[in-house]
Amino acid sequence: MAIENEIKESFTATEITLPDSIKLLFDLKDKFNIQDSNAHDIIKSIKIDDVESNKKRVYLYKIIKEHLNSCQRCPLYSIENHTQKVAGEGALNSPIVLIGEGPGFDEDKVGRPFVGRAGQLLTIILNKMEIRRERIYITNVIKCRPPRNRTPLQKEIKACSNNLEMELSFITPKVIIALGSVPLNYFKPGSSITRDRGQWINFGEYWIMPTFHPAYILRKQGKALNKVKWAVWQDFNKAVNKAKEMYPEYKYN
Ligand code: SF4
(Lines give C-alpha, C1' and ligand atoms only; values in the text may rest on other atoms or scores of the structure.)
Protein backbone atom coordinates (compact mmCIF):
# COMPACT_ATOMS: atom_id res chain seq x y z
CA MET A 1 0.00 0.00 0.00
CA ALA A 2 3.03 2.31 -0.29
CA ILE A 3 1.63 4.02 -3.35
CA GLU A 4 -1.70 4.66 -1.64
CA ASN A 5 0.00 6.26 1.35
CA GLU A 6 2.13 8.33 -0.97
CA ILE A 7 -0.96 9.62 -2.75
CA LYS A 8 -2.73 10.36 0.52
CA GLU A 9 0.22 12.45 1.63
CA SER A 10 0.52 14.34 -1.64
CA PHE A 11 -3.19 15.20 -1.92
CA THR A 12 -4.22 18.00 0.34
CA ALA A 13 -7.76 18.90 -0.69
CA THR A 14 -10.55 17.83 1.58
CA GLU A 15 -13.03 16.31 -0.83
CA ILE A 16 -11.39 13.59 -2.86
CA THR A 17 -12.57 10.16 -3.78
CA LEU A 18 -9.23 8.48 -3.40
CA PRO A 19 -10.06 5.20 -5.16
CA ASP A 20 -10.82 6.98 -8.48
CA SER A 21 -7.46 8.72 -8.48
CA ILE A 22 -5.61 5.58 -7.43
CA LYS A 23 -7.37 3.58 -10.13
CA LEU A 24 -6.35 6.12 -12.72
CA LEU A 25 -2.78 6.11 -11.49
CA PHE A 26 -2.63 2.31 -11.81
CA ASP A 27 -4.26 2.51 -15.26
CA LEU A 28 -1.55 4.91 -16.31
CA LYS A 29 1.21 2.70 -14.91
CA ASP A 30 -0.14 -0.37 -16.72
CA LYS A 31 -0.90 1.35 -19.99
CA PHE A 32 2.55 2.96 -20.31
CA ASN A 33 4.56 0.34 -18.45
CA ILE A 34 5.80 2.91 -15.93
CA GLN A 35 8.32 1.43 -13.51
CA ASP A 36 8.16 4.22 -10.89
CA SER A 37 6.41 3.02 -7.77
CA ASN A 38 5.58 6.22 -5.95
CA ALA A 39 2.83 8.60 -6.97
CA HIS A 40 5.06 11.66 -6.98
CA ASP A 41 7.45 10.12 -9.53
CA ILE A 42 4.62 8.87 -11.73
CA ILE A 43 3.03 12.30 -11.78
CA LYS A 44 6.44 13.87 -12.46
CA SER A 45 6.83 11.57 -15.46
CA ILE A 46 3.75 13.05 -17.15
CA LYS A 47 4.97 16.64 -16.86
CA ILE A 48 7.89 16.68 -19.27
CA ASP A 49 7.38 18.41 -22.61
CA ASP A 50 8.23 15.42 -24.79
CA VAL A 51 6.34 13.02 -27.04
CA GLU A 52 6.04 10.17 -24.51
CA SER A 53 4.76 12.41 -21.69
CA ASN A 54 2.36 14.05 -24.10
CA LYS A 55 0.88 10.63 -24.94
CA LYS A 56 0.35 10.02 -21.21
CA ARG A 57 -1.36 13.38 -20.84
CA VAL A 58 -3.68 12.71 -23.79
CA TYR A 59 -4.61 9.36 -22.22
CA LEU A 60 -5.13 10.92 -18.79
CA TYR A 61 -7.33 13.66 -20.19
CA LYS A 62 -9.49 11.12 -22.01
CA ILE A 63 -10.02 9.14 -18.80
CA ILE A 64 -10.66 12.27 -16.72
CA LYS A 65 -13.34 13.29 -19.26
CA GLU A 66 -14.90 9.81 -19.24
CA HIS A 67 -14.94 9.90 -15.45
CA LEU A 68 -16.65 13.30 -15.58
CA ASN A 69 -19.17 12.28 -18.24
CA SER A 70 -20.40 9.39 -16.11
CA CYS A 71 -20.92 11.64 -13.07
CA GLN A 72 -24.38 11.70 -11.52
CA ARG A 73 -23.36 12.93 -8.10
CA CYS A 74 -25.83 15.82 -8.08
CA PRO A 75 -29.07 16.56 -9.94
CA LEU A 76 -27.56 19.26 -12.19
CA TYR A 77 -26.74 16.78 -14.96
CA SER A 78 -30.43 15.96 -15.36
CA ILE A 79 -32.13 19.36 -15.31
CA GLU A 80 -33.88 20.73 -18.36
CA ASN A 81 -31.47 23.43 -19.48
CA HIS A 82 -28.43 21.15 -19.21
CA THR A 83 -26.81 20.16 -22.51
CA GLN A 84 -23.54 18.55 -21.44
CA LYS A 85 -20.85 18.46 -18.80
CA VAL A 86 -18.03 20.90 -19.32
CA ALA A 87 -14.58 19.51 -18.56
CA GLY A 88 -11.54 21.68 -18.00
CA GLU A 89 -9.15 22.10 -20.90
CA GLY A 90 -5.56 23.01 -21.59
CA ALA A 91 -2.12 21.72 -20.69
CA LEU A 92 -2.15 18.94 -18.08
CA ASN A 93 1.43 19.85 -17.15
CA SER A 94 0.75 23.56 -16.65
CA PRO A 95 2.12 25.17 -13.48
CA ILE A 96 -0.95 27.47 -13.53
CA VAL A 97 -4.59 26.42 -13.27
CA LEU A 98 -7.43 28.93 -13.58
CA ILE A 99 -10.64 27.99 -11.81
CA GLY A 100 -13.98 29.68 -12.41
CA GLU A 101 -17.41 29.06 -10.94
CA GLY A 102 -19.26 26.88 -13.47
CA PRO A 103 -20.41 26.73 -17.08
CA GLY A 104 -22.80 29.42 -18.35
CA PHE A 105 -25.11 29.36 -21.37
CA ASP A 106 -22.35 29.41 -24.03
CA GLU A 107 -20.13 26.90 -22.26
CA ASP A 108 -23.06 24.51 -21.82
CA LYS A 109 -23.84 24.68 -25.53
CA VAL A 110 -20.23 24.39 -26.77
CA GLY A 111 -18.94 22.02 -24.07
CA ARG A 112 -15.84 24.07 -23.29
CA PRO A 113 -15.02 26.34 -20.34
CA PHE A 114 -14.83 30.12 -20.70
CA VAL A 115 -16.00 30.53 -24.29
CA GLY A 116 -18.60 33.29 -23.79
CA ARG A 117 -17.88 37.02 -23.40
CA ALA A 118 -16.14 36.49 -20.06
CA GLY A 119 -14.01 33.77 -21.61
CA GLN A 120 -13.03 36.02 -24.50
CA LEU A 121 -11.93 38.66 -22.00
CA LEU A 122 -9.95 36.04 -20.11
CA THR A 123 -8.18 35.04 -23.33
CA ILE A 124 -7.31 38.72 -23.98
CA ILE A 125 -5.86 39.08 -20.47
CA LEU A 126 -3.76 35.94 -20.97
CA ASN A 127 -2.56 37.05 -24.39
CA LYS A 128 -1.53 40.43 -22.97
CA MET A 129 0.58 38.47 -20.49
CA GLU A 130 2.11 36.56 -23.42
CA ILE A 131 0.41 33.35 -22.38
CA ARG A 132 -1.25 31.11 -24.94
CA ARG A 133 -4.51 29.85 -23.50
CA GLU A 134 -3.69 26.27 -24.55
CA ARG A 135 -0.51 26.34 -22.44
CA ILE A 136 -2.35 26.67 -19.15
CA TYR A 137 -5.30 24.70 -17.74
CA ILE A 138 -8.74 26.28 -17.30
CA THR A 139 -11.60 24.67 -15.42
CA ASN A 140 -14.54 25.35 -13.11
CA VAL A 141 -15.58 24.32 -9.61
CA ILE A 142 -18.71 22.65 -10.97
CA LYS A 143 -19.03 21.10 -14.42
CA CYS A 144 -22.77 21.38 -15.16
CA ARG A 145 -24.61 24.64 -15.76
CA PRO A 146 -26.94 25.56 -12.89
CA PRO A 147 -30.45 26.70 -13.88
CA ARG A 148 -30.55 30.37 -14.98
CA ASN A 149 -26.80 30.54 -14.23
CA ARG A 150 -27.47 30.80 -10.52
CA THR A 151 -24.60 30.43 -8.06
CA PRO A 152 -23.89 26.73 -7.37
CA LEU A 153 -25.26 25.40 -4.08
CA GLN A 154 -22.88 24.12 -1.42
CA LYS A 155 -24.13 20.55 -1.90
CA GLU A 156 -23.47 20.79 -5.66
CA ILE A 157 -19.96 22.13 -5.04
CA LYS A 158 -19.29 19.35 -2.58
CA ALA A 159 -20.64 16.72 -4.97
CA CYS A 160 -18.50 18.02 -7.83
CA SER A 161 -15.31 18.39 -5.80
CA ASN A 162 -14.36 14.85 -6.80
CA ASN A 163 -14.04 15.98 -10.43
CA LEU A 164 -11.98 19.07 -9.62
CA GLU A 165 -9.69 17.12 -7.31
CA MET A 166 -9.20 14.49 -9.98
CA GLU A 167 -7.96 17.23 -12.34
CA LEU A 168 -5.75 18.93 -9.75
CA SER A 169 -4.24 15.70 -8.46
CA PHE A 170 -2.65 15.00 -11.85
CA ILE A 171 -1.85 18.55 -12.92
CA THR A 172 -0.41 19.42 -9.48
CA PRO A 173 -0.08 23.10 -10.39
CA LYS A 174 2.17 25.50 -8.54
CA VAL A 175 -0.33 28.35 -8.70
CA ILE A 176 -4.12 28.45 -8.90
CA ILE A 177 -5.92 31.61 -9.94
CA ALA A 178 -9.34 31.54 -8.28
CA LEU A 179 -11.70 33.57 -10.47
CA GLY A 180 -14.36 34.98 -8.18
CA SER A 181 -16.03 34.14 -4.94
CA VAL A 182 -17.01 30.49 -5.57
CA PRO A 183 -13.51 29.10 -6.22
CA LEU A 184 -12.07 31.37 -3.51
CA ASN A 185 -14.52 29.99 -0.96
CA TYR A 186 -13.89 26.45 -2.18
CA PHE A 187 -10.33 26.76 -0.92
CA LYS A 188 -10.94 29.17 1.93
CA PRO A 189 -14.52 29.16 3.23
CA GLY A 190 -15.78 32.42 4.70
CA SER A 191 -13.74 34.60 2.32
CA SER A 192 -14.85 37.71 0.48
CA ILE A 193 -13.52 38.32 -3.01
CA THR A 194 -13.56 42.12 -2.62
CA ARG A 195 -11.67 41.92 0.67
CA ASP A 196 -9.32 39.01 -0.06
CA ARG A 197 -8.45 39.34 -3.75
CA GLY A 198 -4.78 39.84 -4.47
CA GLN A 199 -3.66 38.08 -1.28
CA TRP A 200 -1.94 34.73 -1.44
CA ILE A 201 -3.51 31.69 0.17
CA ASN A 202 -1.29 28.70 0.80
CA PHE A 203 -3.34 25.53 0.36
CA GLY A 204 -1.19 22.47 0.80
CA GLU A 205 1.10 22.34 -2.23
CA TYR A 206 -0.76 25.09 -4.06
CA TRP A 207 -0.43 28.85 -3.97
CA ILE A 208 -3.82 30.40 -4.62
CA MET A 209 -4.30 33.90 -5.98
CA PRO A 210 -7.92 35.08 -5.77
CA THR A 211 -9.10 37.71 -8.22
CA PHE A 212 -12.33 38.98 -9.78
CA HIS A 213 -14.14 36.82 -12.33
CA PRO A 214 -13.97 38.30 -15.86
CA ALA A 215 -17.80 38.51 -15.88
CA TYR A 216 -17.51 40.95 -12.96
CA ILE A 217 -15.20 43.18 -15.03
CA LEU A 218 -17.75 43.16 -17.87
CA ARG A 219 -20.44 44.52 -15.52
CA LYS A 220 -18.37 47.58 -14.56
CA GLN A 221 -18.19 50.96 -16.27
CA GLY A 222 -16.20 54.19 -16.07
CA LYS A 223 -13.83 54.64 -13.13
CA ALA A 224 -15.03 51.45 -11.46
CA LEU A 225 -14.11 49.53 -14.60
CA ASN A 226 -10.56 50.94 -14.62
CA LYS A 227 -10.14 50.10 -10.96
CA VAL A 228 -11.26 46.49 -11.39
CA LYS A 229 -9.17 46.02 -14.54
CA TRP A 230 -6.08 47.28 -12.73
CA ALA A 231 -6.73 45.00 -9.75
CA VAL A 232 -7.11 41.93 -11.99
CA TRP A 233 -4.00 42.86 -13.96
CA GLN A 234 -1.97 43.10 -10.76
CA ASP A 235 -3.33 39.79 -9.44
CA PHE A 236 -2.57 37.96 -12.69
CA ASN A 237 0.94 39.39 -12.71
CA LYS A 238 1.58 38.20 -9.16
CA ALA A 239 0.30 34.73 -10.02
CA VAL A 240 2.23 34.36 -13.27
CA ASN A 241 5.46 35.72 -11.76
CA LYS A 242 5.25 33.26 -8.89
CA ALA A 243 4.60 30.33 -11.23
CA LYS A 244 7.58 31.41 -13.37
CA GLU A 245 9.80 31.62 -10.30
CA MET A 246 8.74 28.14 -9.17
CA TYR A 247 8.92 26.50 -12.61
CA PRO A 248 11.22 28.62 -14.82
CA GLU A 249 11.57 26.04 -17.64
CA TYR A 250 7.88 26.00 -18.56
CA LYS A 251 6.97 27.70 -21.84
CA TYR A 252 3.72 29.67 -21.88
CA ASN A 253 3.58 30.50 -25.59
S1 SF4 B 1 -22.32 19.37 -11.43
FE2 SF4 B 1 -20.61 18.02 -11.07
S3 SF4 B 1 -21.34 16.60 -9.49
FE4 SF4 B 1 -23.14 17.54 -10.41
S5 SF4 B 1 -23.67 16.07 -12.04
FE6 SF4 B 1 -22.43 17.71 -12.95
S7 SF4 B 1 -20.40 16.84 -12.96
FE8 SF4 B 1 -21.58 15.62 -11.50
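Along the sequence shown, the residues carry numbers beginning at 1. When a ligand or atom number is given, it counts from 1 through the structure's own listing order.
- Taking the six-membered ring wherever Trp is involved, the centroid distance between the rings of Tyr61 and Phe170 does not fall below 6.0 Å.
- Looking at residues two or more places apart in sequence or on another chain, you find a side-chain contact (heavy atoms from CB on, under 4.5 Å) between Lys238 and Trp200, Met209.
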Exercise. Are Asn93 and Ser53 close enough, and set up right, to give a side-chain contact (heavy atoms from CB on, under 4.5 Å), and what steps lead you there?
Worked result: CA-CA 9 Å; Asn93 58 341; Ser53 290; over 6 Å; no
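- Distances from atom 6 (Fe) of ligand 1 under 2.8 Å pick out these protein N/O/S atoms: Cys144 SG.
- Taking each heavy atom of Asn81 and Asp108 in turn, the nearest pair found is O-OD2, 3.4 Å.
- Tyr252 has its side chain out of reach of Glu130: every pair of non-hydrogen atoms, C-beta onward, lies at least 4.5 Å apart.
- The closest side-chain donor-acceptor pair between Asn253 and Arg135, if any, does not fall under 3.5 angstrom.
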